[in-house]
Amino acid sequence: MNDFTFCTPTKVHFGKGSVEHLHDEVLAIGKKVLLVYGGSSIKRSGLYDKVKAALSDCEIYEQAGVEPNPRVTSVRAGAQQCKQHDIDVVLAVGGGSVLDCAKAICAAACYDGDAWDLVLDNSKVTKALPLITVLTLSATGSEFDAAAVISNLDTNEKLPLINPLLYPRVSLLDPELTFSVPKNQTAAGAADMMSHIFEQYFASETNLISDGICETILRTVIACAPRAIADPNDYEARSQLMWASSLACNGWCSLGNGIMPWPCHAMEHEVSAYYDITHGVGLAILTPHLMRYSLNEQTVERFCHYGKAVFGMSDESDRMAMANKAIDKTEEFFTSIGLPNNLTALGIDDKNIDAMAEHAVAHNPVLGQCMRPLSLEDVKQIFRNSL
Ligand code: NZQ
Ligand code: ZN
């Protein structure tokens, strides 16, 4: 195992009614609150009213309308409000996009220049307002990690902002808040969690502990996502998906591993940047193609091991055939929960492939250290294979 230092400073309240903790957690920090949320989902579900009632003795300002694939324009507007009203604490209520936008607001509120500077150079984050989150969609793990992903429509860029100062101070995780998540977003969320694991599991240097954790989370998502899609109010399924989401992306699954270049995310963020698609849908499409491309004599045993541990496959003497079956099963799972398996289905053609591949490689110089090292031409080919 490689050496590591690890700390997740986020306090989690998990379970039914965990929003009850909101008042005390907010007041422990301060009274001036910026409430950040997305479209109308929290109003439709009644959560907005609940939050406002819980914080009736606070001074609340609002940054509403955060977009899926949150824009830097929303970050700028939120940061401006924080500065203007001398906000004590930012409260994000929503899915990963809302949480990500709120994280970037927390950092931009303490920065004198433009918010996009922080995205381009994460080391410029030297201070951030405290963040409390109420999660409504299980997918990204933003509730338990230090990352935000922000889009800039002017430049067709979607880039991560990662800094330890961006861990939420507190996250309230009530699986019942995800009962209203539609089937397509539930499926996309499942694909996102699985992809977070794949990025850590299909790497050149892993260890037995991280492998076991990753395999357990994958089996859990594969078991629970179809249940949550069939019955949106299945508390057991929703709760396991919610905790899987939190665990899949905060780094603890892969402690001690070697370098993990996250190639699928590097590629998907480009597709999202150009076409504004749902992140988990893009990942579900790219994943099997990336896997097939990565399969060779050096990686075949990894895919066979995955097939056995995650899908319960039996060993086969033809290792390539077995590895391919494991990849096919991954694709079949995604299509079984209603996700597409090609970019053409989203109306995407080859027009921007060169530009997307160039950006992916430029922003992620470690792609050459993937399990099968990826060059610019490789990335282009995987995009083409995914059409
Ligand atoms: O905007 P509202 O009205 O709230 O509707 C949202 C949105 O339309 C809706 N929704 C959320 N909770 C709901 C609900 N609808 C009904 N009931 C509920 N309880 O779902 C739609 C999608 O929401 P969004 O927040 O965009 O989805 P998700 O959580 O998948 O977040 C995706 C974003 O996170 C980034 C992605 O790139 C993408 O921009 N990621 C963030 C990561 C991180 N912070 O660590 C890592 C990920 O890999 C990912 O890149
Ligand atoms: Zn993701």
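In listed order, ligands and their atoms are each counted from 1. Fair warning: this is a prediction, and the values are worked out from it, not measured in the lab.
Proximity to T136 (heavy-atom distance under 4.0 Å) selects the following atoms of ligand 1: 11 (C), 12 (N), 13 (C), 18 (C), 19 (N). Near S180, the atoms of ligand 1 lying under 4.0 angstrom from a non-hydrogen atom of the residue are 16 (C), 17 (N), 18 (C), 19 (N). The contact set between ligand 1 and P182, taken as ligand atoms under 4.0 Å from a residue heavy atom, comprises 15 (N), 16 (C).
Shortest distance from the Zn ion (ligand 2) to D192 is reached at OD1 (N/O/S atoms only).
Residue side and main chain included, E268 places no N/O/S atom under 2.8 Å of the Zn ion (ligand 2). Taking 2.8 Å as the criterion, C249 does not count as a coordinating residue of the Zn ion (ligand 2), since none of its N, O or S atoms falls below it.
Proximity of E67 to ligand 1 is not established, as no heavy-atom distance is less than 4.0 Å. Look at P160 and you'll find every heavy atom at least 4.0 Å from all atoms of ligand 1.
Both the backbone and the side chain of V181 come within 4.0 Å of ligand 1, counting heavy atoms alone. Heavy atoms of D192 found under 4.0 angstrom from ligand 1 belong exclusively to the side chain.
Under the 3.5 Å distance criterion, with hydrogens and angles disregarded, no donor-acceptor pair is assigned to the side chains of N156 and H359. When only modelled atom types and interatomic distance are considered, H279 and E268 share a side-chain donor-acceptor pair under 3.5 Å.
Comparing V149, D276, N184, L137 against atom 20 (O) of ligand 1, the shortest heavy-atom distance belongs to L137. Compare A248, S97, A147, G282 by their heavy atoms: the one nearest to atom 25 (O) of ligand 1 is in S97.
With a 4.5 Å cut-off on side-chain heavy atoms, S314 and K308 do not count as touching.
To the nearest 10 degrees, the angle centred on the Zn ion (ligand 2) between NE2 in H196 and NE2 in H265 reads 90°.
Relative ring orientation between F144 and W243 is described as tilted, the plane-to-plane angle lying within the 30° to 60° band. Ring orientation note: the planes of Y306 and F202 are nearly perpendicular, at an angle over 60° on the 30°/60° scale.
In terms of polar-atom proximity, G94 is not counted as a contact of ligand 1, lacking any N or O under 3.5 Å from an N or O of the ligand. At a 3.5 angstrom cut-off on N or O pairs, D145 counts as close to ligand 1.
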